[in-house]
2 protein chains.
Amino acid sequence: MNSPAEIPATTRQSERLGELIEERIVTGVYPPGTRLDEQELADTFGVSRTPVREALIQLSSVGLIEIKPRRGATVPEVGADRVCEMFEVMAELEAMCGRLAARRITPGEQLALQEAHRACEAARDANTPDIYYQLNEVFHQRIYEASHNGFLVEQATALHRRLRPYRRLQLRVRNRMATSFNEHQAIVEAIIKGDSDLAAAQLRAHVTVQGERFADLVATLRDFKAGA
Amino acid sequence: MNSPAEIPATTRQSERLGELIEERIVTGVYPPGTRLDEQELADTFGVSRTPVREALIQLSSVGLIEIKPRRGATVPEVGADRVCEMFEVMAELEAMCGRLAARRITPGEQLALQEAHRACEAARDANTPDIYYQLNEVFHQRIYEASHNGFLVEQATALHRRLRPYRRLQLRVRNRMATSFNEHQAIVEAIIKGDSDLAAAQLRAHVTVQGERFADLVATLRDFKAGA
DNA sequence: AATCACCGTTGTGTATACAAGATAGGCAAT
DNA sequence: ATTGCCTATCTTGTATACACAACGGTGATT
């Protein structure tokens with residue numbers, strides 16, 4: 001998996017470790033409730049405890065793990081309700097991006113946005129959800145940046161990143177791709193038109209739907225697990 | 001060296017160090033551009049470099065300092081524009097809290113909110129800005145919690161905390177306290193009435209004003225510094 | 001005299017060693 | 001037999017030691 005060659009060592013090791021551990025958390029290698037033993041991680045990655053500790057501290061301050069004094073680090077049990085809360089906030093952040101973007105977007109950014117949108121269209125027509133998923137990220141990123149609020153861009157990007165695994169679950173929901181694209185269409189039009197309220201509303205709805213889809217999925221899984 | 005007695009040692013030292021350093025950053029003891037030497041900080045606080053490093057990493061992941069590989073940690077020059085961006089996001093987060101609170105607040109929370117509001121009123125009548133400042137924090141916290149979105153509460157609280165020093169600057173602006181209270185009054189009414197859109201708008205305006213006040217203040221200082 | 005290269009110093013990044021607290025297991029007493 | 005206490009061990013938290021990279025200074029060469 002991770003060959004030592006691909007590690008440039010030009011950056012801090014703890015930072016790279018943080019990304020690796022984060023990867024393992026969001027991909028489910030370290031499922032919620034897992035106790036992260038420092039020595040164990042150090043052995044796993046072939047480094048000493050110091051960089052591991054630094055990585056854990058960083059992850060904890062981002063909220064990805066919890067560190068209790070003298071009791072170690074654990075992957076928190078992110079309840080489905082918590083994820084829904086996060087989607088709710090995400091919806092509002094995106095709405096804000098849209099509202100600002102509609103007012104502040106530059107001609108160049110308009111072109112970039114439309115280009116990203118057309119790329120999504122191509123992926124939809126080709127019926128390639130994985131590609132669409134990637135291009136969708138670009139599309140949203142374009143909107144973030146068009147808000148011309150650097151802090152907002154950072155916040156939105158961070159939360160988007162944290163929600164990535166849960167969003168990925170919805171990839172193969174029936175017609176999700178086509179529906180998503182249509183929503184994108186309305187969003188782009190609102191932003192280009194400069195209708196900030198409409199853009200905000202469209203984006204809020206667009207993301208809220210994702211949260212609801214997630215809730216549906218969880219409910220389905222719960223019923224399934226209950227063996228109904 | 002600080003006396004060991006005042007350190008409870010019940011928590012991680014790096015965490016306490018983080019708060020101390022944060023304190024010194026926001027209070028201007030370490031002004032923007034300052035280079036934070038690890039050994040120097042270690043000597044200052046009478047600890048070794050390890051906890052200092054951990055504290056710095058945590059502060060960096062929160063965005064309070066910047067760490068460049070092999071080049072140490074520095075207090076970033078937080079441009080006034082950046083702070084304004086943060087106020088802009090804060091306004092939206094608070095608006096979201098208000099919108100949700102108007103829909104979800106419980107009778108008990110209504111009472112708590114009104115109580116906090118009346119406490120602010122008392123501070124205003126007593127003309128005690130410091131007290132008002134503290135009670136104002138409680139007031140806003142009550143609204144956060146009434147949103148019934150734990151993640152949102154965390155985000156709003158964190159950002160509120162980061163903006164604290166800049167908000168504090170406005171304490172003694174003329175009539176700010178009275179104006180603030182009047183805005184609070186409208187906010188409470190909107191929430192109690194259950195008018196989510198109105199509550200959101202009121203809160204957004206309430207916080208946006210703070211951002212604008214800050215911008216004014218910065219502009220004034222800049223002119224003053226320019227020696228006009 | 002100016003520029004480049006080499007060396008020394010300074011400070012970060014990592015590893016290891018040490019101390020303290022927490023947990024778990026066993027033993028004893030009721 | 002059960003419960004409470006004590007101890008042993010394991011893990012975290014902190015300190016120290018070492019390695020390496022970057023910056024600055026000085027000297028030699030062009």
Side-chain angles (χ1 to χ4, degrees), chain A residues 2-22 24-25 30-77, chain B residues 1-22 24-25 30 33-76:
Chain A
N2 41 4
S3 64
E6 74 186 41
I7 298 179
T10 160
T11 178
R12 233 176 37 242
Q13 214 167 23
S14 64
E15 205 156 339
R16 197 149 279 269
L17 270 179
E19 294 175 14
L20 287 177
I21 298 175
E22 178 183 343
R24 295 200 173 191
I25 291 177
Y30 299 144
T34 305
R35 180 181 172 78
L36 297 175
D37 187 281
E38 296 180 357
Q39 187 62 52
E40 194 177 317
L41 288 173
D43 295 342
T44 301
F45 295 105
V47 295
S48 95
R49 270 181 55 216
T50 309
V52 172
R53 270 185 71 82
E54 294 181 351
L56 290 182
I57 287 175
Q58 170 163 359
L59 291 179
S60 111
S61 64
V62 183
L64 254 146
I65 63 175
E66 283 177 354
I67 297 182
K68 293 184 206 162
R70 292 275 174 200
R71 300 190 59 180
T74 55
V75 182
E77 312 262 0
Chain B
M1 179 180 307
N2 40 14
S3 67
E6 74 186 43
I7 298 178
T10 158
T11 178
R12 235 179 31 243
Q13 214 168 25
S14 63
E15 205 156 340
R16 195 150 281 270
L17 271 179
E19 294 175 15
L20 287 177
I21 298 175
E22 178 183 343
R24 295 199 174 191
I25 290 177
Y30 299 145
T34 305
R35 181 181 172 77
L36 297 175
D37 186 281
E38 296 181 357
Q39 187 62 53
E40 195 177 317
L41 288 173
D43 295 341
T44 301
F45 294 106
V47 296
S48 94
R49 271 182 55 219
T50 310
V52 171
R53 270 187 71 82
E54 294 180 351
L56 290 181
I57 287 175
Q58 167 161 359
L59 290 179
S60 113
S61 63
V62 183
L64 255 145
I65 64 174
E66 283 178 355
I67 297 182
K68 292 184 207 161
R70 291 277 172 198
R71 301 192 59 179
T74 56
V75 181

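Throughout, a chain's letter reflects where its sequence line sits, starting with A, and its residues are numbered from 1.
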Return the CD to CD1 distance between Glu54(A) and Ile67(B), rounded to the nearest 0.5 Å. 8.5 Å
Here the gap from Glu66(A) atom CD to Glu77(A) atom CD, rounded to the nearest 0.5 Å, amounts to 9.5 Å
Closer than 3.5 angstrom, by distance alone: can the side chain of Arg35(B) be matched with the main-chain N or O of Arg71(B) as a donor-acceptor pair? yes
Determine whether a donor-acceptor pair (N or O, by modelled atom type, separation under 3.5 Å) exists between the side chain of Ser48(A) and the backbone of Thr50(A). yes
Please tell me if Gln13(B) has a side-chain N or O lying less than 4.0 Å from either OP1 or OP2 of dT14(D). yes
Closest approach to the side chain of [X], judged atom by atom: which nucleotide of [options] is it?
{"X": "Arg70(A)", "options": "dT14(C), dG13(D), dA15(D)", "answer": "dG13(D)"}
{"X": "Val47(A)", "options": "dA15(C), dA20(C), dC20(D)", "answer": "dA15(C)"}
{"X": "Ser48(B)", "options": "dT14(D), dT14(C), dG13(C)", "answer": "dT14(D)"}
{"X": "Asp37(B)", "options": "dT14(C), dT12(C), dG13(D)", "answer": "dT12(C)"}

Using whole Å, what does the distance between atom [atom2] of nucleotide [N] and atom [atom1] of [X] come to?
{"X": "Arg35(B)", "N": "dT10(C)", "atom1": "CZ", "atom2": "P", "answer": "13 Å"}
{"X": "Leu41(A)", "N": "dT12(D)", "atom1": "CG", "atom2": "P", "answer": "9 Å"}
{"X": "Leu36(B)", "N": "dG11(C)", "atom1": "CG", "atom2": "P", "answer": "13 Å"}
{"X": "Arg12(A)", "N": "dG11(C)", "atom1": "CZ", "atom2": "P", "answer": "19 Å"}
{"X": "Arg49(A)", "N": "dG13(D)", "atom1": "CZ", "atom2": "C1'", "answer": "7 Å"}
{"X": "Glu38(A)", "N": "dT14(D)", "atom1": "CD", "atom2": "C1'", "answer": "12 Å"}
{"X": "Glu40(A)", "N": "dC10(D)", "atom1": "CD", "atom2": "C1'", "answer": "13 Å"}
{"X": "Ile67(B)", "N": "dT14(C)", "atom1": "CD1", "atom2": "P", "answer": "12 Å"}

Between Arg71(A) and Arg53(B), who's closer to the 5' end of DNA chain C by nearest nucleotide? Arg53(B)
Ranking Thr50(B) and Gln39(B) by the position along DNA chain C of their nearest nucleotide, the one closer to 5' is Gln39(B)
Touch check for Leu17(A), heavy atoms < 4.0 angstrom, all strands: base, sugar-phosphate only, or nothing? nothing
State which residue, out of Leu64(B), Leu17(B), Val62(B), fulfils the side chain to side chain contact (heavy atoms under 4.5 Å, CB included) condition with Glu22(B). Leu64(B)
